[in-house]
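Working notes, beginning with the structure itself.
FYI, the numbering just counts along the sequence from 1. This is a predicted model, so every value here is computed, not measured.
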Amino acid sequence: MKRLNILIGLLFICLGTFSQTRVDSIRDRLFNPNDKSILVASHRGDWRNACENSLEAIENAIKMGVDIVEVDLARTKDGQLILMHDSKLDRTTTGKGLISEHTLAEIKNLRLRNGCHIKTIYKVPTLEEALLVAKGRVMLNLDKAFDYFDQVYELLEKTGTANVVIMKSNSSAEEVKRTYGKYLNKVIFMPKVNLDENEALQKLNDYLRILNPVAIEFKFASDSNKLPYEVKDIMSGKSRIWYNTLWDTHAGGHDDDCSLVNPDNGYGYLIDHLGTTILQTDRPAYLIDYLKKRTVKKNMDCDRDWSYLTEENEYHLAESPNFVVEEYFLKGKKNPDSNEDGILVTPDFAAVIDGATSKSDFELDGKKTGKLAMELVLEAIRDFPKDIDAEDAMNRITNRIHSFYVKHNLLADLEEQPGKRFTANGVIYSYARNEVWQVGDCQCIVGNLYSSNEKPIDAIMANARSVVNEVALLNGMTMEDLEKKDPGRAFIYPFLQQQAVLQNNPKKGQLYSFPVFDGFPIQMEQVKIFPVSDVREIILSSDGYPHLFSTLRASECYLMNILDNDPLCMRLYKSTKGIKKGNFSFDDRSYLKIRINR
């Protein structure tokens, strides 16, 4: 127990280190005008899935991997800074009237409204609360904050977050330096230039000469304006170029809507033709996915012999009147007998189920707990009535595994030792409900939506393993040594056994809890339910693919690039485990692409 406590302490030290390292990494890229990687800024946070300018919207954006979150500031009657775009409370809260006529206490009694103007349980955050959420984890771009610069800086000093913030304004370079010069070596300042204005180039050159900014935000309404091309040359090697893709008049029509139809003509145009290296979007998940796909196209050799996709496929296709199975692949990391992934296609359901790697020695008929869990889940799905809803489905799967425990006299032991439970993750499509249900870290693509659902605790464990292995290399071990004996895996393994207390944990507000199929009640608020609507094509996959793409070959190609160049999964793709000698991959993998007949 003492060793475990030490380990947990070390892991939380690592967590703090990783968070700081991420912000340092973002700043390093931001301050390097020759770095061509694209920084993603999320407008008002992830406001499509949470209330705009809320702590939840910031948290969602962080989990997506966003680099910068843009938020808006307003000041209350009693002089407190809060996050809100409008001058009035009416649109985004349950209140009415001017913010400047209400105290912070009054505003804190209100509830935020979501994008459909529906009342939520969430409250209006203060700037201080937002800074503490962002601290060490993500940059914050503060809009509507220039008039409060002195007050903002007081909060930055108080919270130790000066390195997190980007301030911006379209004030002249002389005015910025005259009024706020004492802060310019402490806080990043980013000017804004409207390229449709007559004095745009003069303003730009003044900013570069007087302020030497790390980035400048530009705007132009139409492609008929040729200045963006001139700006690309002027800014080369001096400063990063920022464009907003929020609507068409921000970036000459190459906006989010354009990118949904043809991302190469939207985001890609701004990157390839105008030299953009920072994009602010209302669709951060879609943009991040696009950038990953660009990386795949540029950096991977996909000229391979693809015959193995047929010859080594362990799934035998079942026909369904409601689905056309367009692509499918199932392969164990070692062999078919030990494969803990499973695919199921019935007339009414399609599913990918991923049994979790066993953390105990229990076996039944040569099967470990992950494979047993996967098979039990598939059995339950086969027996589903066709119009079952998500909650009833979760309960039936839970009951199937629970009954197995009772039958084999395992229940008492597994109640006491959650690390030994039969555990699986899954993603299920219901034809009757026209929904995808996601439990744990299996993945899905539904139209333009991609959800990997990576568990935050897994990212922490993967980083911890990577650090320990890097230290081992510095102390004289070789990559060949690490393949034989993985000290990072050994370091995190005791915690992997203990973290099972987080799965299906009923405690409200537990940051690291996650849902799984393990025979114990699933918290439905943690189950993701995606309406499919009029989408005709969906993809379901296990996390054996580091990133899921819209074709099997692209998903395989991305995986193979990692296996060829980072077989220990500690650099290009950080995982809690790498490839063991004799295995084909770091994990079992399954891919199912279906077209829905309606």
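- Tyr269 meets the ring pair (Phe, Tyr, Trp, His ring centres under 6.0 Å) test with His254, His273; sequence neighbours excluded.
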N/O donor to acceptor pairs below 3.5 angstrom from side-chain atoms of residues 179-191, sequence neighbours left out:
unit_1, atom_1, unit_2, atom_2, d
Thr179, OG1, Glu175, O, 2.9
Tyr180, OH, Phe146, O, 3.3
Tyr183, OH, Asp150, OD1, 2.6

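- A distance of 10.5 Å separates CG in Asp543 from CG in Asn453, rounded to the nearest 0.5 Å.
- Using cut-offs of 30° and 60° for the angle between ring planes, the Tyr545 and Tyr591 rings count as perpendicular.
- Both cation-pi conditions hold for Lys455 and Phe514: the charged atom is under 6.0 angstrom from the six-membered ring centre and inside a 45 degree cone around its axis.
- For Arg27 and Asp24, the salt-bridge test fails: no basic side-chain N is under 4.0 Å from an acidic carboxylate O.
- Judged by distance alone, the side chain of Gln280 and the main-chain N or O of Trp242 form no donor-acceptor pair under 3.5 Å.
- Using a cutoff of 4.0 Å between basic side-chain nitrogens and carboxylate oxygens, Glu56 and Lys123 are not scored as salt-bridged.
- With salt bridges taken as basic N to acidic carboxylate O contacts below 4.0 Å, none links Glu454 and Lys63.
- Salt bridge status for Lys232 with Asp272: absent, with no side-chain N to carboxylate O gap under 4.0 Å.
- Under 4.0 Å is where a charged nitrogen must lie from a carboxylate oxygen, and between Lys108 and Glu129 at least one such pair does.
- Aromatic ring centres of Tyr573 and Tyr558 lie farther apart than the 6.0 Å criterion allows.
- In terms of heavy atoms, Gly544 sits closest to Asp587 at CA-CB, 4.2 Å.
- Dense packing is recorded around NZ of Lys192, with more than 12 heavy atoms of other residues, nucleotides or ligands lying under 6.0 Å away.
- Within 6.0 Å of the OH atom in Tyr153, the count of heavy atoms belonging to other residues, nucleotides or ligands exceeds 12.
- Looking at Asp35 and Arg240, a side-chain N of the basic residue comes within less than 4.0 Å of a carboxylate O on the acidic one, giving a salt bridge.
- A salt bridge is defined here as a Lys NZ or Arg NE, NH1 or NH2 lying under 4.0 Å from an Asp or Glu carboxylate O, and Arg589 with Glu556 meets this definition.
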(request) Apply salt bridge (charged side-chain N to carboxylate O under 4.0 Å, His left out) to Asp282 and Arg44, showing your working. (result) CA-CA 8 Å; Asp282 279 326; Arg44 305 183 197 174; over 6 Å; no
(request) For the pair Asp486 and Arg465, evaluate salt bridge (charged side-chain N to carboxylate O under 4.0 Å, His left out) and give the outcome as yes or no after the intermediate values. (result) CA-CA 9 Å; Asp486 188 330; Arg465 172 179 169 264; 2.8 Å; yes
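- The distance from the NZ atom of Lys219 to the CD atom of Glu217 is 9.0 Å, given to the nearest 0.5 Å.
- Under a 4.0 Å N-O distance rule, the pair Asp86/Arg91 qualifies as a salt bridge.
- Atom CG in Asp72 sits 8.0 Å away from atom CG in Leu83 (nearest 0.5 Å).
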Which pairs would a plain distance check flag for residues 246-253, meaning a side-chain donor or acceptor within less than 3.5 Å of a matching protein atom at least two apart in sequence or in another chain?
unit_1, atom_1, unit_2, atom_2, d
Trp247, NE1, Thr249, OG1, 3.4

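- Using a 4.0 Å cut-off between charged nitrogen and carboxylate oxygen, Arg75 and Asp147 do not count as a salt-bridge pair.
- Comment: Lys238 does not engage Asp233 in a salt bridge, judged by the lack of any side-chain N to carboxylate O separation of less than 4.0 angstrom.
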